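Okay, so here's the structure we're looking at.
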Amino acid sequence: RGNQFYSPLVEQIAKDYHISYEELARIPASGQNGRLKKSDIFNYIENGRPF
Amino acid sequence: MSKYDIIVVGSGPGGYVTAIRASQLGFKVAVVEKESLGGVCLNWGCIPTKALLKSAQVFDYLNHASDYGLKVEKADKDFSAVVKRSRNVAEGMSKGVQFLMKKNKIDVLNGNGKLLKGKKVEVTDKNDKKTTYEADHVIIATGARSRELPNLPQDGKKVIGYRKAMTLEKQPKSMIVVGSGAIGVEFASFYNAMGTDVTIVEYLPNIVPVEDEEVSKQFERIYKKKGIKIMTNSSVESVDTSGKNVKAKVKTKKGEESLEADIVLSAVGIKTNIENIGLEEVGIKTEKDKIQVNDFYQTNIPGYYAIGDVTHGPALAHVASAEGILCVEKIAGMKVEAIDYGNIPGCTYSNPEIASVGMTEKQAKEAGYDIKVGKFPFSASGKASASGAKDGFVKVIFDAKYGEWLGCHMLGAGVTDMIAEAVLGRKLETTGHEVLKTIHPHPTMSEAVMEAVADAYDEVIHL
Amino acid sequence: MSKYDIIVVGSGPGGYVTAIRASQLGFKVAVVEKESLGGVCLNWGCIPTKALLKSAQVFDYLNHASDYGLKVEKADKDFSAVVKRSRNVAEGMSKGVQFLMKKNKIDVLNGNGKLLKGKKVEVTDKNDKKTTYEADHVIIATGARSRELPNLPQDGKKVIGYRKAMTLEKQPKSMIVVGSGAIGVEFASFYNAMGTDVTIVEYLPNIVPVEDEEVSKQFERIYKKKGIKIMTNSSVESVDTSGKNVKAKVKTKKGEESLEADIVLSAVGIKTNIENIGLEEVGIKTEKDKIQVNDFYQTNIPGYYAIGDVTHGPALAHVASAEGILCVEKIAGMKVEAIDYGNIPGCTYSNPEIASVGMTEKQAKEAGYDIKVGKFPFSASGKASASGAKDGFVKVIFDAKYGEWLGCHMLGAGVTDMIAEAVLGRKLETTGHEVLKTIHPHPTMSEAVMEAVADAYDEVIHL
Ligand SMILES: Cc1cc2nc3c(=O)[nH]c(=O)nc-3n(C[C@H](O)[C@H](O)[C@H](O)COP(=O)(O)OP(=O)(O)OC[C@H]3O[C@@H](n4cnc5c(N)ncnc54)[C@H](O)[C@@H]3O)c2cc1C
Ligand SMILES: Cc1cc2nc3c(=O)[nH]c(=O)nc-3n(C[C@H](O)[C@H](O)[C@H](O)COP(=O)(O)OP(=O)(O)OC[C@H]3O[C@@H](n4cnc5c(N)ncnc54)[C@H](O)[C@@H]3O)c2cc1C
């Protein structure tokens, strides 16, 4: 699962959208210390998964 | 002319906390205050009411001592001593702020502040002496006061606001509380415990109307059991203070009723302090009684900021403080994250207490979520039984799809200290699973959170 | 011969919770109990002691009524009524378990259980009738009892264990409590509040020795102020019960002292119930008085499991329950995560309360962490002032490198309900930053958590 910690909610959403940990790692994170938030992952999905 | 990095106008939990954080960040700071340090919260709000409510709680214990195997011969309250204790606590806190100002090398400018163009603040002291100060950043934190309704003018004697309600010389025999938000029901709780005959008049269909409907309903049942009269869907049309008592005409769904009481407490919300502080002169925009700001509390005029009750968002002390901290951290160039107004806890320190965060069941449904709801009543909790505090419950709401914790609603003893778990959990974007697998200590009231989550997923043990 | 999917031996918070979860998962379940449903916890542990402590708290309020502006002419306790209330609460909870067993269609087999080979359990009822039952899985949850020291033999009259200590017919004038773990100091708290002259004798250098040293020290100061005598680095060498009182010879660092009291309470830990339950016959391995199990509570013999006090790990009710749930979820083939024994909260319901989770400062240092420590005393908390509960503090420990929340230690009113935030935060692998930016409601005791974290990062506001 890579070296990054993902919140349980982000993990659930990623699972649902079949987003791998490699892909998750590319999503820009807006939380402190690079924490990836629900809003980040949904922004990414809405933008058509550009990375 | 003295020059500061930051001048904060108003020293409530918005203003004084802002000043301290700014000083920590290396700014030279002054705070302008025309009354007492600490603002409404410390002097006329959060703190003195909690002191009154503590006396009420202890009095309640005295009156129910035999439930605990104890004997009391003659329990009584000394109303003026109760009020005096509350004032002492408030004064102590205000002195504490004074100490904090000194410790953080913050100048306190006593007097009425008015904004001038060019990031200047004119301070008029009690001898009408005017001094002008300059700053790089001016932060408005002038807060709010009790809102007056045209048909409920406060005379400070028989029709009163919150300040008078916490400093009455004599305990009223009867009281009509208009409005059932946190402030209204807290006073209702206090005066009912003291033995005053209390009637609550609420315009909306439910008391504590911002809460989840189940909380409101259960709370209403408990209040009624305590002997508090509750009139919902009702509004006070007019008051007549000419006689010995107050007479209030109340419009209900069934028609007009006439009530009589020693005192009417108007607790229908707040009015911001935005008049005569120079907003127009500087050109700062307001909207619906609030100063308009962006995510970082900047007004439309560069160098001027506003935080706390004077801006949009819930009028709560912890919100005012958080906004102020964020505002100055942004000024200091720190990487900050905007406040998530969806994750602000709201608490009512009545008996029983109410605490909640996030969406109510209704809001979650209206937002289109497919939800899982769980509920655990304290009547099934071992700790609640041992403590004689079986009223209330914890209710949790999850998104069925991803497991997001959409809302948490608590009613019961001590829940205002328990809601932090839900706020942190939501901040960390937990799902129900992690809460369920977080081992809560036994026997505690907090186990009810875990059990409510279990109930949402049909795994509850003690139901 | 009746056949079950799962037979649980012992119905404490380990056993009965296991049985309920197993039933939810579709198993046919029986639970064997030789005494009362609910085990030590409901009948002789967690619950009845908390009922006693609640009476003590209320009695404390009665005695300090004037601090709250209240008047009490004559406050007294009715010791036997206090005890009776506690027994009633315990009975009510035990009946609750009975109801839960029925509701979940769990067979309760009354009698003494003994394991036989081939996953069988022989139950001997009170008329000495033996019946043998068969199961696919046998779970041992026989718990523990008060440990007896050779030089402190319990006669149940003047030298007693916890059961007797919560059911004394007469309040002792003086009491020596041997051992200052949670159980010892809870009884010390109760009897001190009731007016008994209490002396604590502790072998180790600090009372509540598993807690962070700062907690122990502060707790000791508070206890001494209440008039509790405390002897640390001391041990009871022998007791003489031949006279009217008990005479205890206590070895201290300074030499031998002789104490006298009505009663000596031995609270020096527990002894597991592993004798005569068939372990040897079946071949189940034990080690240092505990049944050996793996991460999923399987013993060395397939089909036999053990959970709760009878196994390694802290002897706590919430641990027993969590172990049982995990054990049957694993049996059911669910994907389960082993319990993180580093994240188990421990609570002491004395006055003030103690709650903690994770490492103490000393442990963190010994583990080689470079740490940041923060502390916020309740004396600086507005809510604590309003409540008259300024004793205590919240202390937090973070790893300086990655920000991991290594430990949280709380002393004060209501902290046993506040520790859940730290447990959940640690479960979700938070860093200090998120806790700091989680808006805690004002005014609450829980703000102290946020402020302690702020202190660790030199951002504390109210100090
Ligand atoms: C009865 C009551 C109970 C409450 N209980 C709670 C509670 O339990 N929890 C909670 O979160 N919130 C509670 N609140 C709300 C809380 O008090 C406010 O949200 C909070 O005080 C807002 O802080 P603030 O700093 O924005 O403004 P304020 O606290 O209103 O402070 C504004 C300060 O500015 C000063 N000021 C105004 N104009 C000027 C000027 N021109 N020049 C100089 N000084 C000026 C005022 O004198 C005042 O001191 C309660 C409110 C009331 C009335
Ligand atoms: C005074 C006191 C206060 C405590 N307070 C707390 C607290 O506040 N919080 C906390 O977490 N923990 C507390 N504890 C500890 C807690 O009670 C135990 O950790 C918990 O009860 C362990 O649960 P268990 O299910 O493993 O065993 P137990 O609760 O000991 O239950 C074992 C059951 O098995 C039955 N049994 C034993 N042998 C047999 C047999 N051969 N056949 C049939 N039945 C049998 C016993 O009768 C008993 O009912 C306290 C303990 C004491 C003594």
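Sequence lines set the chain letters: A, B, ... in the order given, protein chains first and strands last, and positions in each chain run from 1. Predicted model only: the values in this text are computed from it and were never measured.
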Under 4.5 Å, counting heavy-atom pairs only, tell me which of [options] racks up the most with chain B.
| options | answer |
| --- | --- |
| C/Ser66, C/Ala65, C/Ser86, C/Cys46 | C/Cys46 |
| C/Asp78, C/Val415, C/Val319 | C/Asp78 |
| C/Ile344, C/Asp76, C/Ile20 | C/Asp76 |
| C/Leu326, C/Leu52, C/Leu100, C/Asn343 | C/Leu100 |

For [X], which atoms come within 4.5 Å of any heavy atom of chain C: side chain, backbone, both, or neither?
| X | value |
| --- | --- |
| B/Ile325 | side chain |
| B/Cys347 | side chain |
| B/Lys437 | both |
| B/Lys427 | side chain |
| B/Val82 | both |
| B/Asp67 | backbone |
| B/Ile419 | side chain |
| B/Met445 | both |
| B/Leu25 | neither |
| B/Glu329 | side chain |

Donor-acceptor check, side chain of [X] to backbone of [Y], threshold 3.5 angstrom: yes or no?
| X | Y | value |
| --- | --- | --- |
| B/Gln24 | C/Val460 | yes |
| B/Arg85 | C/Ala386 | yes |
| B/Lys71 | C/Lys74 | no |

Next on the checklist: Working note: B/Tyr16 + C/His462, criterion ring-ring contact (aromatic ring centres under 6.0 Å, His included); need CA distance, chi angles, decisive distance, verdict.
Outcome noted: CA-CA 10 Å; B/Tyr16 86 79; C/His462 291 96; 5.5 Å; yes
Can you check whether [X] reaches [Y] side chain to side chain, under 4.5 Å on heavy atoms?
| X | Y | result |
| --- | --- | --- |
| C/Arg21 | B/Ile461 | yes |
| B/Glu429 | C/Glu434 | no |
| C/His442 | B/Ile47 | yes |

Any chance you could measure [X], atom [atom1], to [Y], atom [atom2], to the nearest 0.5 Å?
| X | Y | atom1 | atom2 | value |
| --- | --- | --- | --- | --- |
| C/Glu421 | B/Leu424 | CD | CG | 5.0 Å |
| B/Lys54 | C/Ser385 | NZ | OG | 12.5 Å |
| C/Met450 | B/Ser321 | CE | OG | 7.5 Å |

Which of the residues [options] is involved in the greatest number of heavy-atom pairs with chain C at under 4.5 angstrom?
| options | result |
| --- | --- |
| B/Ser80, B/Ser55, B/Pro441, B/Ala51 | B/Pro441 |
| B/Leu42, B/Asp417, B/Asn104 | B/Asp417 |
| B/His318, B/Glu73, B/Lys383 | B/His318 |
| B/Ser446, B/Ser387, B/Ala81 | B/Ser387 |
| B/Tyr68, B/Phe99, B/Phe79 | B/Tyr68 |

Item to check | Part of C/Ile439 within contact of chain B (heavy atom distance under 4.5 Å) | outcome: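 Both parts, backbone and side chain.
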Checklist entry - What is the minimum heavy-atom distance between B/Thr416 and C/Thr444, and which atoms define it? => result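 The pair with the smallest heavy-atom distance is O-CG2, 3.3 Å.
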Checklist entry - Applying a criterion of heavy atom separation less than 4.5 Å, what residues of residues 57-64 of chain C form contacts with chain B? => result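 C/Gln57, C/Val58, C/Phe59, C/Tyr61, C/Leu62, listed by number.
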